[in-house]
There are 2 protein chains.
Amino acid sequence: MNGDHEDRRVRRTRRLLRESLLALILEKGYDKVTVQDVLDRADVGRATFYAHFHDKDDLLVSGIEELVASLRQHLAVAARAGSHESHAGFDLARALFEHAAAHRRPYRAHVSGRAGAVLRKYAHEQFTTLLREHLHDVASTHGATPVVPLEVTVQYFASALLGVLTWWLDNETQYSAEEMGNMFLHLAKPTFAAAFAVTADIQKGVSSDAVTFGKELPHAV
Amino acid sequence: MNGDHEDRRVRRTRRLLRESLLALILEKGYDKVTVQDVLDRADVGRATFYAHFHDKDDLLVSGIEELVASLRQHLAVAARAGSHESHAGFDLARALFEHAAAHRRPYRAHVSGRAGAVLRKYAHEQFTTLLREHLHDVASTHGATPVVPLEVTVQYFASALLGVLTWWLDNETQYSAEEMGNMFLHLAKPTFAAAFAVTADIQKGVSSDAVTFGKELPHAV
DNA sequence: TATAATATGGAACAAAGTGTTCTATTTCTA
DNA sequence: TAGAAATAGAACACTTTGTTCCATATTATA
C-alpha cells in the first residue's frame, strides 16, 4: 500500500517551498516575490519547482489550503461548544480571531494586506461560503425571513469581518483576540437582527416599520 | 500665460493611455495587462509612455484620481442636500451607489475584483479616510461617545461598504443604485447606533448594558 | 541489501516583459 | 514662421518565466 504516503523527498520539497514563500511574503509582499527568490531561499532546483507547481499562484494556494482546513476544524469545535448560548454559534467571529491569533504568521502572509489579489479573493470566497451556509441555517432554524436579500447580507458581513481582521493583523495588535471578537459581535449583532424578520414577531405586528428590499419578495418591487 | 494648459499632444497621449488601460483591465483584469498591451492599444510609443508615467501602477493611480475627485464632489453636494434629514448625511452610502451607477465602467475597472491589489488598497484608504472624518464629525456634533474604538468601526464600515459595492459591480446588477443604498443603510444604521453611546442617554442610565471595549476609556481595561 | 523507480539539481534555452537611451521627425505654441 | 517640445522607433541590457535534457541522488520495497 502506498495510497496515503508521499515520497519523503516530495514532502520535503513542498514544505521547503511553502515555507520559503511564506517568509518572503512577509518580507516583501507577495507581488514582489519572484519564483527565483523562492528557489534561492528553499535551495531547490528550478526544474523541481515546476515539477510540483504550475506557477507562483499555485504554490500560494496550496499553502493556504492547510490553513483553511485548520480553521474549519477550529470553527466546528467552537460551534459545537457554544451552540446553546448566545446567537446560535454566532461566536464564529470570536473563534476566527482566536485562530488568527494562534496562527499569526500564516494569517499575516495570507490574509493581510501583504497577500496578493489572488489570496484576498480566495479568503473572501471562503468567508462568504461560510457565512452563506451559516445564515441559511439560522434563517431556516429560527424561522427568520430575510428582509434584505441574503446574498447582500453575506457580502456585507464577510467584507466587514475580513476588513477588521486584516486591519488587526496589519497593525501591531493592541487588542486581544477576545476583545476583537467581542467588538465585532457588538457591531454585527444589531445588523443581524435588522437583516431578518422573525416570523413570530411579524404576526404580532411588531415589525411594522420593517421594509423589505430587493425583488425577493413579490410585494416589494 | 501657460500655467493651466498642457500641450495638446500631452493631453491626447495621457488620455489615450488611460482609456486603453481602462479597457484592458475590463478585458483581462489588471494583473494580466502589460505595458506593451497598453502601448499597442493606445498606439503610443514606448519612450513616450515612460516620459509620462513611471510604470503601470503610476498610470493606474493617475487614472483613478479624477474618479475620486468626481466622487468627492458628488458626495459634497449630496451631504449639503440631505444634512437635515435622517442620520446627518449618513446617506453618503446612497450617494456612493448613485455615483457608481453613473460611472459604471471606471468603477468596474478600478474598484471591482478586476482591479489589482494596488487599487483595492487605494480605494480602501479613500473609504476609511472619508468615514473617519465623517464619524469623527458625527461623534463630536451629537455628543456621542464611541463604545468601540473608532478605528475599528471605521474599518468595519469601510470594508462592508466596499465589499457590497464590489459585489454589486461584479454581478450584473439586478438592484438599482437606490435599492443598494437603502439596503446598505438598513444594515448599517443599527450598528451605527451600537457603536456610539449618546451622552444624554448615558446620564439617564438607559445604556446600562452598553459595554465599552478596548483601551480607549480608562475604566474599561 | 540490492535494485528498480523516481525525485532532484543544474545548465541551457526561447520567449516575454521592463525600463533606458538615442536620434530623426512631427506637432505645437507664441 | 521659427524655435521649443513631444513623439515614434529602434536598439539595448536586464529580469523573469517556464521548458527540456540528462547525470546524479535518494527512496521504497522485494
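As the structure is a prediction and not an experimental result, all values here were calculated from the model. To find a chain, count down the sequence lines: A is the first, B the second, and so on, and within it residues start at 1. Computed from heavy atoms alone, side chains included, the values below leave out hydrogens, waters and symmetry copies.
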_What is the separation between atom CD on A:E6 and atom C1' on C:dT6, rounded to the nearest whole Å?_
14 Å
*Closest nucleotide of DNA chain C for A:R12 versus for B:K56: which of these residues is on the 5' side?*
A:R12
*Nucleotide of D:dT27, D:dT7, C:dG19 approaching B:T13 most closely (side-chain heavy atoms)*: D:dT7
_ring pair (Phe, Tyr, Trp, His ring centres under 6.0 Å) partners for A:H74, two or more places apart_ = A:H99
*For the helix from C:dT1-D:dA30 to C:dA30-D:dT1, what angle lies between the axis at the first five pairs and the axis at the last five pairs, to 10 degrees?*
40°
*In residues 21-35 of chain A, which residues come under 4.0 Å of DNA chain D by heavy atom?*
A:T34, A:V35
_Is the phosphate of D:dT7 approached by B:H52 (side-chain N or O, under 4.0 Å from OP1 or OP2)?_
yes
*Keeping the roles fixed (side chain from B:R94, backbone from B:G181), state whether a donor-acceptor pair exists under 3.5 Å.*
no
*CG of A:D37 versus P of D:dT16: gap in Å, rounded?*
7 Å
*Check ring pair (Phe, Tyr, Trp, His ring centres under 6.0 Å) between A:H52 and all other residues, then give those that pass, not counting sequence neighbours.*
none
*Assign a letter to each nucleotide of nucleotides 9-14 of chain D from its 5' end: B, base within under 4.0 Å of a protein heavy atom; S, sugar-phosphate only; -, no contact.*
B-----
_More than 12 heavy atoms of other groups within 6.0 Å of A:R12 CZ_ = no
N/O donor-acceptor pairs under 3.5 Å from side chains in residues 41-48 of chain A, not counting sequence neighbours:
from  : atom 1 : to    : atom 2 : distance (Å)
A:R41 : NH1    : A:E27 : OE2    : 3.3
A:R41 : NH2    : A:E27 : OE1    : 3.0
A:R41 : NH2    : A:E27 : OE2    : 3.2
A:R46 : NH1    : A:Q36 : OE1    : 3.1

*Could you give the CZ-to-C1' distance, from B:F49 to C:dT21, as a whole number of Å?*
17 Å
_Let's go through B:F127 and B:L96 carefully: what are the C-alpha distance in whole Å and the side-chain angles of both, what is the deciding distance for side-chain contact (heavy atoms from CB on, under 4.5 Å) to 0.1 Å, and is it a yes or a no?_
CA-CA 11 Å; B:F127 277 33; B:L96 172 65; 3.7 Å; yes
*Starting at CZ of B:R11 and ending at C1' of D:dT7, how long is that distance when rounded to a whole Å?*
16 Å
*Write down the distance between CG (B:L39) and P (C:dA16), rounded to a whole number of angstrom.*
16 Å
*Send over the distance from B:D7 CG to C:dT26 P, rounded to a whole Å.*
17 Å
*Does any donor-acceptor pair link the side chain of A:R8 with the base of D:dT27 at a separation under 3.5 Å?*
no
*Euclidean distance, atom CG of residue A:L16 to atom C1' of C:dT8 [Å, nearest integer]*: 12 Å
_Distance (rounded to the nearest 0.5 Å) between A:T129 OG1 and A:H134 NE2_ = 14.0 Å
*asked:* So, under a plain 3.5 Å distance rule, would you say the side chain of A:R9 forms a donor-acceptor pair with the base of C:dT8?
replied: no
*How far does CZ of A:R120 sit from NZ of B:K121, to the nearest 0.5 angstrom?*
11.0 Å
_Given 3.5 Å as the limit, does a donor-acceptor pair link the side chain of B:Y30 with the main chain of B:D57, or not?_
yes
_Within this structure, what is the CG-CZ distance for the pair B:L67 and B:R105, rounded to the nearest 0.5 Å?_
12.5 Å
*Output yes when a side-chain donor or acceptor of A:D58 lies under 3.5 Å from a complementary backbone atom of A:D55, and no otherwise.*
no
*To the nearest 0.5 angstrom, please state how far the CG atom of A:L119 sits from the CD1 atom of A:I64.*
4.5 Å
*Of the nucleotides D:dT19, C:dT6, C:dT27, which has the atom closest to the A:Y50 side chain?*
D:dT19
*Take atom CZ of A:F53 and atom C1' of D:dT19, then tell me their distance rounded to the nearest Å.*
18 Å
